[in-house]
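Below, all heavy atoms of this structure are taken into account, side chains as well, without hydrogens, waters or symmetry copies.
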Amino acid sequence: MMSDDKRLAALESVKYIKDGMILGLGSGSTVNWMLRALSERIKEGLRIEGIPSSKKTEKLAKELGIPLTDFSKTTKIDLAIDGADEIDGNLNLIKGGGGSLVREKVVDACADELIIIADSSKVVKQLGAFSLPVEVLPFGFEVTVANIEKLGGIPKLRRKENEIFVSDNGNYILDCSFGTIDGAQALHEKLIRLVGVVETGIFSGMADKVIVARNGEIKFLTRN
Ligand SMILES: O=C[C@H](O)[C@H](O)[C@H](O)COP(=O)(O)O
């Protein structure tokens, strides 16, 4: 089952956590398994401090008794562990299915090491079947929509239960279909230059290790 594989990948990632580390805590259901496993190790005596990448992760971490810190205390993260929506052969990622891409990118980008955990359904030959989440300022988002269309994308304003979805940062998310994405970094660079775009869900060249579980077995992905 997919959720068993998410849990298995998460359990494997916790083995890389060492005493004294500052940890970047990603977001999503796979990361939630990692948080549960981490809290067990903390009960056994492991000392770490985590920086959460979303309000949801912060809430669960607090419930599980995981000690937290923030960027006002340290800008150094030893290891970040995060999930992904798509992973290609070069370990380029699409993230943001849960709407946490901006804080995830801030956290993941300043980590010495980034481990991605996923079930095998996330592994693709080429990115793009999953619409690319792009976080945009609410003010004038219609202009940003038009500009993304000029780049060949089909943006769709994310909604949740009929309301516009608002990110932890108070912004909107445009889920953008570009078909198959050939140059992930090039597309990110075009989008990030558009006025109103806060961040894109393309995480290119950031993952150091990808742990994928498929039917109960663990596989480590490395760059092609
Ligand atoms: O915004 C959400 C994040 O990028 C998640 O890490 C991603 O959507 C994967 O989530 P899940 O582990 O629930 O499949």
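- Between M34 and A10, the shortest heavy-atom contact is N-CB, 3.5 Å.
- No path of Ile, Leu, Val, Met, Phe, Trp and Tyr side chains, each step under 4.5 Å between heavy atoms, connects I173 with V195, placing them in separate hydrophobic clusters.
- Between L68 and K62, the closest side-chain pair of non-hydrogen atoms falls below 4.5 Å.
- To the nearest 0.5 Å, the span separating OG on S54 from CD on E104 amounts to 7.0 Å.
- In the hydrophobic cluster analysis, where Ile, Leu, Val, Met, Phe, Trp and Tyr join through side-chain heavy atoms closer than 4.5 angstrom, I48 is grouped apart from I77.
- Counting only distance, with no hydrogens or angles, the side chain of D168 and the backbone of K55 share a donor-acceptor pair below 3.5 Å.
- Annotation: cation-pi geometry satisfied between R158 and F165 (NZ/CZ under 6.0 angstrom from ring centroid, within 45° of ring axis).
- A heavy-atom distance below 4.5 Å is not found between the side chains of L157 and V145.
- Shown here for C110 and F71, the closest heavy-atom pair between the two residues is SG-CE2, 3.8 Å.
- Residues V14 and L64 share a single hydrophobic cluster, defined by chaining ILVMFWY side chains whose heavy atoms lie under 4.5 Å apart.
- Between atom CG of residue N171 and atom CD1 of residue I164 there is a gap of 12.5 Å, rounded to the nearest 0.5 Å.
- In this structure, D5 contributes its side chain and G216 its backbone to a donor-acceptor pair below 3.5 Å.
- Taking each heavy atom of E199 and L101 in turn, the nearest pair found is O-CD1, 3.7 Å.
- If you take CD1 on I51 and OG1 on T75, they are separated by 8.5 Å, rounding to the nearest 0.5 Å.
- The two residues L91 and V210 have their closest heavy-atom pair at CD2-CG2, 3.8 Å.
- Taking NZ from K209 and CG from L221, the interatomic distance works out to 12.0 Å, rounded to the nearest 0.5 Å.
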(message) Let's go through V197 and T144 carefully: what are the C-alpha distance in whole Å and the side-chain angles of both, what is the deciding distance for side chain to side chain contact (heavy atoms under 4.5 Å, CB included) to 0.1 Å, and is it a yes or a no?
(response) CA-CA 7 Å; V197 168; T144 314; 3.6 Å; yes
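- S204 and N92 form a side-chain donor-acceptor contact under 3.5 Å, judged by distance and modelled atom types alone.
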(message) Between L151 and L194, is the side chain to side chain contact (heavy atoms under 4.5 Å, CB included) condition met? List the steps.
(response) CA-CA 10 Å; L151 290 180; L194 298 176; 3.9 Å; yes
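- Residues I66 and L60 form no side-chain contact, since every pair of their non-hydrogen atoms from C-beta on lies 4.5 Å or further apart.
- Side-chain atoms of T180 and Q126 form no donor-acceptor pair, as typed in the model, at a separation below 3.5 Å.
- Inter-residue side-chain proximity for I211 and Y16 is flagged as met; some heavy-atom pair is nearer than 4.5 Å.
- Side-chain contact between K95 and P133 is absent, with no heavy-atom pair separated by less than 4.5 Å.
- Side-chain atoms of E12 never come within 3.5 Å of backbone atoms of I218 as a donor-acceptor pair (strictly under, hydrogens ignored).
- In this structure, the side chains of F130 and K122 stay at 4.5 Å or more apart for every pair of heavy atoms.
- Smallest separation of non-hydrogen atoms from L114 and D208: N-OD2, 2.7 Å.
- Closest heavy-atom contact between E149 and P155: CG-CD, 3.5 Å.
- Proximity of I17 to R41: side-chain heavy atoms (C-beta onward) are separated by under 4.5 Å at one or more points.
- Using a 4.0 Å cut-off between charged side-chain N and carboxylate O, K18 and D78 make no salt bridge.
- For CZ of R214, the number of neighbouring non-hydrogen atoms (other residues, nucleotides, ligands) closer than 6.0 Å is 12 at most.
- A continuous path of Ile, Leu, Val, Met, Phe, Trp and Tyr side chains, each step under 4.5 Å between heavy atoms, connects I148 with I192, placing both in one hydrophobic cluster.
- Atoms CG and CE, on L79 and M21 in that order, are 5.0 Å from each other to the nearest 0.5 Å.
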(request) Assess whether salt bridge (charged side-chain N to carboxylate O under 4.0 Å, His left out) is satisfied between E189 and R193, documenting all intermediate values. (result) CA-CA 6 Å; E189 280 164 19; R193 276 200 295 266; 5.2 Å; no
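- Remark: the S27 side chain and the K56 side chain contain no N/O donor-acceptor pair separated by less than 3.5 Å.
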(message) With salt bridge (charged side-chain N to carboxylate O under 4.0 Å, His left out) as the criterion, how do R7 and D4 come out once you've worked through the C-alpha distance, each side chain's angles and the decisive distance to 0.1 Å?
(response) CA-CA 5 Å; R7 182 166 166 268; D4 291 341; 5.8 Å; no
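- Remark: the backbone N or O of L132 is not paired with any side-chain donor or acceptor of D175 at under 3.5 angstrom.
- Between L35 and L25, the closest side-chain pair of non-hydrogen atoms falls below 4.5 Å.
- The backbone N or O of V107 lies less than 3.5 Å from no partner atom in the side chain of S53, so there is not a single donor-acceptor pair.
- Residue E217 places its CD atom among 12 or fewer non-hydrogen atoms of other residues, nucleotides or ligands, all under 6.0 Å distant.
- Looking at E163 and R159, no side-chain N of the basic residue comes within less than 4.0 Å of a carboxylate O on the acidic one, giving no salt bridge.
- Hydrophobic clustering, with ILVMFWY side chains joined whenever heavy atoms are under 4.5 angstrom apart, keeps V136 apart from V198.
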(request) Give the C-alpha distance, both sets of side-chain angles, the deciding distance and a yes or no for side chain to side chain contact (heavy atoms under 4.5 Å, CB included) between F203 and K105. (result) CA-CA 8 Å; F203 286 47; K105 201 174 270 189; 3.5 Å; yes
(message) Using salt bridge (charged side-chain N to carboxylate O under 4.0 Å, His left out), reason through D19 and R47 one step at a time and then give a plain yes or no.
(response) CA-CA 5 Å; D19 205 49; R47 290 161 305 160; 2.3 Å; yes
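- I81 contributes atom CD1, which lies 8.5 Å from atom CD of E113 (distance to the nearest 0.5 angstrom).
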(request) Starting from the C-alpha separation in whole Å, work towards a yes-or-no answer on side chain to side chain contact (heavy atoms under 4.5 Å, CB included) for T69 and T74. (result) CA-CA 8 Å; T69 186; T74 179; 4.2 Å; yes
